[in-house]
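Bear in mind the structure is a predicted one, so any value in this text is a computation, not a measurement.
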Amino acid sequence: MKHLICFLPLFLISGVGSFDLVIDEIPDEVENLIDLEIDGFPSSPKMRNGRYQRSTSDWGYVGDLVEDDDKIGLYSYKVQSTITSRLANTMIQAKMVNNAKRPQHIVFDVQVPKGAFIDNFTMDVNGITFTSQIREKSEARKMYAQAKAKGKAAGIVRSNALDMENFKTEVNVPPGTRIQFELHYHEMIRRKLSSYEHTVSVKPGRLAKHMEVDVRIIEPQGLRYVHVPNSLGDHFDGITTISKGEKKAHVSFKPTMAQQRKCPTCSSTAVDGNFVVQYDVNRETTGGELEIFNGYFIHFFAPENLDPLPKNILFVIDVSGSMWGLKMKQTIEAMKAILSELRAADQFSLIDFNHNVRCWRDNLVSATPSQVEEAKKYIQAIHPNGGTNINEALLRATFILNEAQNLGMLDPNSVSMIVLVSDGDPTVGELKLTTIQKNVKQSIKDEFSLFCLGIGFDVDYDFLQRIATDNRGMAQRIFGNQETSAQMKNFYNQVSTPLLKKIQFNYPQESVSDVTQSSFHNYFGGSEIVVAGKVDTDNLQHLESIVTATAANAELVMETLRDVEELDGFMKKDRYADPEFTRKLWAYLTVNQMLAERNTAPTAALKRNITKSILQMSLDHHIVTPFTAMLIENAEKDEIMLADQPKDPRRGCCPGTLGLTPNAPNNNRGIPPWANITAVPVSFMPEQRSPPVSSLSINRVDNDPHFIIHLPKSQRNICFNINSEPGKILNLVSDPGTGVVVNGQIVGAKRTENKKLNTYFGKIGFYFKNKGLKVEITTETITLKDGTHSITLTWADTGHIIRKQLLISVKRENNVTITVGEEMSFMVLLHRVWKHHPVNVDFLGIYIPPENQFSPETHGLIGQFASEPEVAIHHQTPGQPPEKPQAIMEVKGNKLTVTRGLQKDYRDYLVPHLYSFLKKP
């Protein structure tokens, strides 16, 4: 058999984040696709030589597939989950075929819940199966380097941490190729608001001949209810079936191909969203439920029918200039609703802060109707402006609570907490995040909890998560959109009803070991505390637990006694139950606990020791963590692919720059997460046209300038460069409907390199015609012009300019955000280089989020894609060199000569001045 040119059978998947695998080519010689069928449910891959392997069988007949214009058929798309005592094992499988007469990219793109552990990925291409194993990350990187040094086909892919983890594999395959992808992960389902909620992403992207979502629930405690909300829309009313027994349930969603269609004559699928299953279990009024099996125990603790403890709560609200607009409007709406839900026994106050810190009341007040109404009036009158002084605001809040406690003003049985609502990094006062974290920790002294709500895409969520975890709280990211208010209220409801405090779990030391966290500050109604450990079942007949806690009116002592063999018969008889559920839950809790401890470790030595423990746990239990990697390889092990998680989640644009862009003048610090996408060169796009949709998903211009456009409806990423000349002005957005213009002026590098002069944006101009305002941003200054008047800030400043409902927010030496009412916003990022660098120069990048409300008349290099127009790539011809074929890209009447990653004809987008509108084509 010939050498497998550019086929990369060895992957490395590591860490936490989104994973993108791009494989250049599958050889024509690969034939006879073998199907990885699942015998029964769930399927348990068998280990052989430390590696997962799967049995195979024929696909059978694959005719009658509905194909898009790209001639890619989806034979089947299956999502199968089993939930055994809150442990959910999920498998996502897709079988696809390339029926075109030319090579094409086939994409497997799925979402994995944040916090889930990926434990297996397999791929089968025309009978060649690739299996997985877990390695220490540096070892896998070494293997990659060695393979590359030996001249083997090697590639590298980076991952980027997001709230929802994306797992994406992209393979270029020849005509007739059949391919199957299969991903496995597991997670613990946590109880929130009196319900367990299991969510799986179901986004096949096209019609499937066989579509199935299958969820089985096995709960030894007994099922209280099972509910499936209509999360995929009214289109699928009546299709889901639920079979519920005393301790088991089966949920099935199997739409036919006709039911999947958006309309009777449509060739696109309506299946696009999350499939959600909600349930709860029966509970005893004792100290919880003990489940003992295979040498481990799990203790589920969720008492009910308790009176709420009074709470002392301080709301600390960011009112800096960056909160202006929809964020502030939604925050005010949510806060007014939250204040209405305070109980008469509660005490509260409000702190709002920008560069200054203000207290509505200098001390806590009772939540009487009159005080609540006064607080609502105060909230309603807030007008955001200025910088962000997080450190002083949190220290003021802790001072109020500490003083109230020292003066004996707090009920001994009450629970004290701070809720921080912010959308950005500190810009005033103490700016060092580690110092703020240390200051707050020392001030709180483990006496109360800190909960953090991070609003928006560019908030430093990692910092909020660390500071909350460090102070017995939790953090949640709230995306700044029309649902901000509902998200805030939902988060508050999770912590609004404290039922117990100072909870301690006790087990016989001679019988148990390696117990996870056993001491908890608070227990909130509707949640659940889970403790796990190892138990010596050989020398023990019964396991007893004693839980002590402070309730509203008494000190509680709750005892539970369980026979160590009680579950054996039930679990062993059920063919769907995971026999390893106790071990997996213990490992899941232990690893997550160690990750949290590592984040707050006070010394480097302790952090290293914790890291070693996490690594060993990851290898022992075959799970992907930030310190391990998953290798996917065929039997020959002759080629390699590295999918890794970098500390700096930067991405390149086109082939050869996937991963960290080589020799980039600066990193992408400050880039909002929505701007980090994997780009596919225009020459890879199928020859098809797409119907228009309402909004552009992502626009990005950066670095010599790379243009990255994501078309959400057709699921394409367009990436191209422009060979432009220094001094030329390119139109990026021209919208006569809203009167908005965005233009960029080109600057060149100091000299050519490899016979090429790199070019960048050195100046960006914004013209808001309806307001009569112009904004000019260079690598030195930011200037707002209103007729003959102007205001100038430098990049050394941090501040805000507000004029005619236009807000300019400057973050020192980092970025500028321009917000226009609630309609649109733009971010310009500064890239600094060493001033004596022999080649590179300072330059600017611009990012345009999906919410911008442009008119249908919008044009420009980026603007033309705002409503996802019809895009066609045709007349592909060999280029010079041949590996870079040329083609015609047609967009909104413009026919552009393009090659792989390069737009050659840009003259139609040149404008004479920095504030000129683009003439219509």
Side-chain angles (χ1 to χ4, degrees), residues 314-340 348-362 371-394 396-397 419-429 453-459 478-485 487-489 768 770-773 775 782 784 786 789 791 793 797-812 815-827 851 853:
L314 265 167
F315 298 99
V316 182
I317 305 168
D318 184 347
V319 296
S320 60
S322 57
M323 286 286 289
W324 186 74
L326 181 61
K327 288 180 185 177
M328 196 72 251
K329 179 180 178 182
Q330 293 279 307
T331 299
I332 290 172
E333 179 184 331
M335 283 304 306
K336 289 165 71 175
I338 288 169
L339 290 170
S340 296
F348 78 106
S349 190
L350 304 169
I351 293 176
D352 62 296
F353 70 97
N354 45 28
H355 51 282
N356 295 317
V357 177
R358 291 168 298 275
C359 298
W360 168 64
R361 297 285 188 268
D362 289 330
Q371 294 283 19
V372 168
E373 286 305 312
E374 288 296 319
K376 290 180 182 179
K377 292 177 183 178
Y378 181 82
I379 288 286
Q380 187 66 54
I382 287 175
H383 297 288
N385 62 83
T388 308
N389 194 340
I390 292 178
N391 184 68
E392 186 178 339
L394 287 176
R396 183 76 62 87
V419 177
L420 169 67
V421 180
S422 180
D423 77 330
D425 296 333
T427 61
V428 178
L453 283 169
I455 298 182
F457 295 95
D458 53 351
V459 65
I478 302 293
F479 296 101
N481 53 32
Q482 296 292 341
E483 297 181 357
T484 297
S485 178
Q487 294 176 68
M488 289 180 64
K489 287 184 284 188
F768 303 97
N770 297 341
K771 297 179 181 293
L773 298 177
V775 181
I782 303 97
L784 172 66
D786 186 357
H789 303 285
I791 303 173
L793 296 175
D797 298 319
T798 291
H800 305 276
I801 305 172
I802 299 178
R803 196 172 187 91
K804 297 181 181 178
Q805 291 191 317
L806 183 141
L807 169 68
I808 302 175
S809 299
V810 181
K811 184 179 289 187
R812 180 178 179 179
N815 65 66
V816 173
T817 302
I818 300 174
T819 307
V820 189
E822 299 178 2
E823 291 78 41
M824 59 184 68
S825 64
F826 308 86
M827 175 182 283
E851 294 84 7
Q853 299 174 21

Q.
Quick check: do His355 and Asn389 have side-chain heavy atoms less than 4.5 Å from each other?
A. no
Q) Which residues satisfy the side-chain contact (heavy atoms from CB on, under 4.5 Å) test with Leu793, sequence neighbours excluded? A) Asp797, Ile801, Val810
Q. Taking only residues two or more places apart in sequence or in another chain, which ones pass ring-ring contact (aromatic ring centres under 6.0 Å, His included) with Phe315?
A. none
Q.
As an exercise, state the distance from CE of Met824 to OG1 of Thr819, rounded to the nearest 0.5 Å.
A. 11.5 Å
Q: Output all residues satisfying ring-ring contact (aromatic ring centres under 6.0 Å, His included) with Phe826, sequence neighbours left out; order by chain, then residue number.
A: Phe766
(Q) Using the rule given for side-chain contact (heavy atoms from CB on, under 4.5 Å), can you reason through Asp423 versus Ser320, listing the C-alpha separation, both sets of side-chain angles and the distance that settles it, and then say yes or no? (A) CA-CA 9 Å; Asp423 77 330; Ser320 60; 4.2 Å; yes
Q | Which residues share a side-chain contact (heavy atoms from CB on, under 4.5 Å) with Glu373, sequence neighbours left out | A | Lys376
Q: Answer yes or no: does atom CD of Glu823 have more than 12 heavy-atom neighbours from other residues, nucleotides or ligands under 6.0 Å?
A: yes
(Q) With a 4.5 Å cut-off on side-chain heavy atoms, are Asn385 and His800 touching? (A) no
Q) Do Thr388 and Asp425 have side chains that get closer than 4.5 Å, going by heavy atoms? A) no
Q) Hey, are the side chains of Val428 and Glu392 touching, using non-hydrogen atoms and a 4.5 Å cut-off? A) no
Q. Taking everything shown except Asp362 itself, do over 12 heavy atoms lie less than 6.0 Å from its CG?
A. no
Q.
Show the nearest heavy-atom pair for residues Leu314 and Ser349, with the distance to one decimal.
A. CD2-CB, 3.5 Å
**Q.** Nearest-0.5 Å distance that lies between atom CG in Leu773 and atom NZ in Lys804
**A.** 5.0 Å
Q.
Just to verify, what does Glu333 make a salt bridge (Lys or Arg N to Asp or Glu O under 4.0 Å) with, not counting sequence neighbours?
A. none
Q.
If you apply the rule side-chain contact (heavy atoms from CB on, under 4.5 Å), what do you find for Phe353 with Ile317, and how did you get there?
A. CA-CA 6 Å; Phe353 70 97; Ile317 305 168; 5.8 Å; no
Q: Side-chain contact test, heavy atoms from C-beta onward, threshold under 4.5 Å: evaluate it for Ile390 versus Ser422 and give yes or no.
A: yes
Q | His383 NE2 to Ile802 CD1 distance, which is reported to the nearest 0.5 Å | A | 10.5 Å
Q. Just wondering, do Asp352 and Leu350 contact through their side chains at under 4.5 Å, heavy atoms?
A. no
Q | Considering all heavy atoms, the nearest Ile338-Met488 contact | A | CD1-O, 4.2 Å
Q: For the residue pair Ser825 and Leu807, establish whether any side-chain heavy-atom pair is separated by less than 4.5 Å.
A: no
Q) Atom CG of Asn815 and atom CD1 of Ile782: how far apart are they, to the nearest 0.5 Å? A) 10.0 Å
Q) Of the non-hydrogen atoms in Arg396 and Cys359, which two are nearest, and what is the gap between them? A) NH1-SG, 3.6 Å
Q | Minimum side-chain heavy-atom gap Gln487-Gln330 below 4.5 Å | A | no
Q. Nearest heavy-atom pair of Leu339 and Ala375: which atoms, and what distance?
A. CD1-CB, 3.9 Å
Q.
Could you measure the distance from the NZ atom of Lys771 to the CG atom of Asp786? Nearest 0.5 Å is fine.
A. 11.0 Å
Q: Look at the rings of Trp360 and Tyr378 and say which category their plane angle falls in: under 30° parallel, 30 to 60° tilted, over 60° perpendicular.
A: tilted
Q: Kindly check if the number of other-residue, nucleotide or ligand heavy atoms within 6.0 Å of NZ (Lys489) is above 12?
A: yes
Q) Please walk me through it: do Val319 and Met323 pass side-chain contact (heavy atoms from CB on, under 4.5 Å)? A) CA-CA 6 Å; Val319 296; Met323 286 286 289; 5.8 Å; no
Q. To the nearest 0.5 Å, how far apart are NZ in Lys327 and OG in Ser485?
A. 15.5 Å
Q: Taking all heavy atoms of Ala397 and all of Val316, pick out the closest pair and write down the distance.
A: CB-CG2, 3.7 Å
Q: Report the residues that fulfil side-chain contact (heavy atoms from CB on, under 4.5 Å) with Thr798, sequence neighbours left out, ordered by chain and then residue number.
A: Thr427, Arg812
